[in-house]
Amino acid sequence: MTVLAVDLGGTKVAAALVEPDGTVVEASRHRAPTGAQASTANLEAAITGVVRDALAAAEGPVTGVGLAAAGPVDEAAGTTSPINLEALHGFPLRDLVADAAGGLPVEFRRDGVAIVLGEHWLGAARGYDDVLGMVVSTGVGGGFVVGGRALGGNAGHIGQIEVSGYTGSASLGRTTMLESVASGPHTVDWARTQGFPGSTGEELGAAYRSGDAVAVTAVRRCAAAVGQGIGSAVALVPVSIVVLGGGFTRVADDFVPLVQAAVAAHPLPYVAAARVVPAGLGGDAPLVGAAALMYRRDLLP
């Protein structure tokens with residue numbers, strides 16, 4: 001049994017074949033850029049192209065497609081309306097992928113659901129029944145496993161909760177959302193308002209490691225805001241472990257411990273007791289998570 005995993009995000013769409021043990025078939029990896037400026041036609045072509053190219057590498061039968069996309073999503077209709085891809089608002093993504101995949105069955109969910117399911121299946125949350133999975137990258141997103149089952153739909157949009165005491169570059173027109181404050185690009189934007197001369201997360205990380213005062217303040221500010229957001233989420237949906245991934249979590253070696261410290265300072269003991277750990281699936285988390293939508297359908301609502 002092999003499945004096709006497809007992950008659609010704000011900067012790229014990726015597809016690959018994934019084996020039952022979570023191994024990504026190297027020869028099948030394909031990706032194409034997306035981006036806020038892309039037209040609907042260009043995005044359709046990119047999605048269709050990576051699906052067909054990945055399937056062309058199959059040496060045996062492919063039984064289905066696990067499809068993850070940035071949300072919000074409408075699972076029943078099979079549509080997505082990614083915050084950072086306006087050209088795909090209300091787009092029938094599931095039908096497009098099913099057609100490109102020759103009519104294979106498609107299990108479609110929001111990307112945060114896929115990532116937390118993947119970490120629960122094969123990553124850092126194995127053995128835990130109550131999990132918050134979270135990504136800090138170009139955006140901030142997340143998903144929950146509660147009682148051993150994933151919460152579907154749009155539950156887990158942690159980037160769109162409000163954080164107090166912070167403002168940042170507007171996401172969805174709101175400057176006080178966690179994503180506005182703590183995403184990678186918005187953290188760099190804030191650092192630049194304080195005199196940081198760089199323009200990328202990599203440059204900010206290098207400055208942090210060298211002890212640059214502005215970079216240190218920016219990274220700690222980001223981690224504190226992420227910890228505050230986690231505290232609010234866990235107060236509502238108690239979990240025992242928070243799995244933290246995404247490219248911007250690697251901006252500093254101590255980023256996850258900084259977030260853990262912020263969570264541990266929460267006044268509610270059950271929130272403060274939540275463990276914050278690095279994601280276990282690394283860069284393959286989106287594809288393995290998408291594959292989990294097929295392999296672990298028993299854990300979906």
Side-chain angles (χ1 to χ4, degrees), residues 5-11 13 34 36 43 47 65-97 106-121 125 130-163 170-174 176-183 226 228-239 242-246 279 285-286 289-290 292-294 296-297 299-301:
V6 182
D7 176 68
L8 172 66
T11 58
V13 57
T34 54
L43 291 169
I47 295 163
V65 182
L67 170 61
V73 301
D74 183 330
E75 293 173 353
T79 61
T80 188
S81 298
I83 292 169
N84 297 318
L85 294 175
E86 188 173 345
L88 291 187
H89 282 196
F91 186 79
L93 180 64
R94 183 174 58 204
D95 289 347
L96 177 72
V97 170
V106 178
E107 190 67 59
F108 167 58
R109 304 283 169 163
R110 190 174 56 82
D111 54 2
V113 176
I115 287 175
V116 73
L117 192 62
E119 289 288 341
H120 178 268
W121 175 36
D130 301 298
V131 183
L132 168 60
M134 190 171 171
V135 173
V136 181
S137 187
T138 305
V140 177
F144 286 98
V145 167
V146 177
R149 299 180 70 87
L151 297 185
N154 291 304
H157 261 115
I158 191 170
Q160 281 63 57
I161 68 173
E162 305 285 333
V163 289
S171 175
L172 290 178
R174 303 289 289 273
T176 52
M177 284 182 176
L178 179 58
E179 182 171 277
S180 302
V181 174
S183 74
V226 170
Q228 184 184 124
I230 289 171
S232 296
V234 176
L236 290 173
V237 184
V239 301
V242 179
V243 179
L244 194 58
L293 298 174
M294 286 296 294
R296 298 312 312 265
R297 281 176 289 179
L299 302 183
L300 293 172

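Just so you know, these numbers use all the heavy atoms, side chains as well, and skip hydrogens, waters and symmetry mates.
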> Looking only at non-hydrogen atoms, find the nearest pair between Ala285 and Ile115 and report the distance.
O-CG1, 4.3 Å
> If only atom types and distance count, is the side chain of Thr176 paired as donor or acceptor with the main-chain N or O of Glu162 below 3.5 Å?
no
> Report the distance from atom OG1 of Thr79 to atom CG of Leu88, rounding to the nearest 0.5 Å.
11.0 Å
> So, does Arg94 use its side chain to make a donor-acceptor pair with the main chain of Ala76 at under 3.5 Å?
yes
> With distance as the sole test, does Thr80 use its side chain to make a donor-acceptor pair with the main-chain N or O of Ala70 at under 3.5 Å?
yes
> With distance as the sole test, does Arg149 use its side chain to make a donor-acceptor pair with the main-chain N or O of Leu300 at under 3.5 Å?
yes
> So does Glu179 get a backbone contact from the side chain of Ser183, meaning a donor-acceptor N/O pair under 3.5 Å?
yes
> Apply side chain to side chain contact (heavy atoms under 4.5 Å, CB included) to the pair Val6 and Val65, showing each step before the final yes or no.
CA-CA 7 Å; Val6 182; Val65 182; 3.9 Å; yes
> Between the main-chain N or O of Gly90 and the side-chain N or O of Ser81, is there a donor-acceptor pair closer than 3.5 Å?
yes
> Could you tell me the separation between the CG atom of Leu244 and the CD atom of Glu119, rounded to the nearest 0.5 Å?
10.0 Å
> After noting the C-alpha distance and the side-chain angles of His157 and Arg110, does the key distance pass the side chain to side chain contact (heavy atoms under 4.5 Å, CB included) rule?
CA-CA 10 Å; His157 261 115; Arg110 190 174 56 82; 3.4 Å; yes
> Apply side chain to side chain contact (heavy atoms under 4.5 Å, CB included) to residues Ile230 and Met134 and explain how you reach the verdict.
CA-CA 9 Å; Ile230 289 171; Met134 190 171 171; 3.6 Å; yes
> Take Leu93 and Leu67 through the test side chain to side chain contact (heavy atoms under 4.5 Å, CB included) and record every step on the way to the result.
CA-CA 9 Å; Leu93 180 64; Leu67 170 61; 3.9 Å; yes
> Between Phe108 and Gly78, what is the shortest heavy-atom contact and its length?
CE2-C, 3.6 Å
> Looking only at heavy atoms, which two atoms of Thr34 and Val13 are closest? And how far apart?
CG2-N, 3.7 Å
> Looking at side-chain heavy atoms only, is the closest gap between Gln228 and Leu178 below 4.5 Å?
no
> Can you check whether Val73's main-chain N or O pairs, donor with acceptor, with Arg109's side chain at less than 3.5 Å?
no
> What is the distance from atom CZ of Phe91 to atom CG of Asp74, rounded to the nearest 0.5 Å?
14.5 Å
> Might you point out which heavy atoms bring Gly246 and Ser137 nearest each other, and give the distance in Å?
CA-CB, 4.4 Å
> Between CG of Leu85 and CG of Leu8, what distance do you get to the nearest 0.5 Å?
6.0 Å
> Report the distance from atom CG of Leu132 to atom CG of Leu236, rounding to the nearest 0.5 Å.
11.5 Å
> I need the minimum non-hydrogen distance between Val181 and Val163, along with the two atoms involved.
CG2-CG2, 4.0 Å
> Atom CD1 in Ile158, atom CZ in Phe144: separation rounded to 0.5 Å?
6.0 Å
> Donor-acceptor check, side chain of Arg297 to backbone of Met294, threshold 3.5 angstrom: yes or no?
yes
> Looking at every non-hydrogen atom in both residues, tell me the closest pair between Ala125 and Val243 and how far apart they are.
CB-CG2, 3.8 Å
> Given Val116, which of Asp111, Val145, Leu151, Val135 fulfils the side-chain contact (heavy atoms from CB on, under 4.5 Å) condition?
Val145
> Measure from the side-chain N and O atoms of His120 to the backbone N and O of Val131, and report whether any donor-acceptor pair falls under 3.5 Å.
no
